[in-house]
Amino acid sequence: MLLPTHEISGGCMAETPQEKLITVAEVVELTALSPSTIRRLVKSGNIPAPIRLGPTGRSVRFKLSDIQLYLKNI
């Protein structure tokens, strides 16, 4: 199952400390949630959708700040 995502036009996004991008595996580590639970939370809008990277869009990353905000508000 694919996650809904935000697409980046131009295929490149510079990372700054506020825009650090993390993998689903890193979200799992930070939240102690399973990948399927993360997908459900994205689908329900509780976690912002990840960003698609690359020309095929198969690689996705979450903004660390989005995950930190989710953890702060639970």
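Residues: numbered from 1 along the sequence shown.
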Going through the distances and angles, do L64 and L30 end up as a side-chain contact (heavy atoms from CB on, under 4.5 Å)?
-> CA-CA 10 Å; L64 177 59; L30 288 171; 3.7 Å; yes
Determine, stepwise, if the pair I67 / I22 fulfils side-chain contact (heavy atoms from CB on, under 4.5 Å).
-> CA-CA 9 Å; I67 302 306; I22 60 174; 4.1 Å; yes
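No side-chain donor from either of S36 and R39 sits under 3.5 Å from a side-chain acceptor of the other.
Considering every non-hydrogen atom in both P48 and V42, the closest pair reads O-CG2, 4.1 Å. Among all heavy-atom pairs drawn from F62 and V27, the shortest one is CD1-CG2, 3.6 Å. Minimum interatomic distance between L53 and R61 (heavy atoms only, all atoms of both residues): CD1-CG, 3.3 Å. Contact between V24 and P35 at its shortest, heavy atoms only, is CG1-CB, 4.4 Å.
Note that NZ of K63 is 14.5 Å distant from NZ of K20, once rounded to the nearest 0.5 Å. Here the straight-line distance linking atom CD1 of I47 with atom OG1 of T37 works out to 9.5 Å at 0.5 Å rounding. To the nearest 0.5 Å, the span separating CD on E19 from OG on S65 amounts to 8.0 Å.
Note: the hydrophobic cluster containing V28 also contains L33 (ILVMFWY, side chain heavy atoms under 4.5 Å, direct or indirect links).
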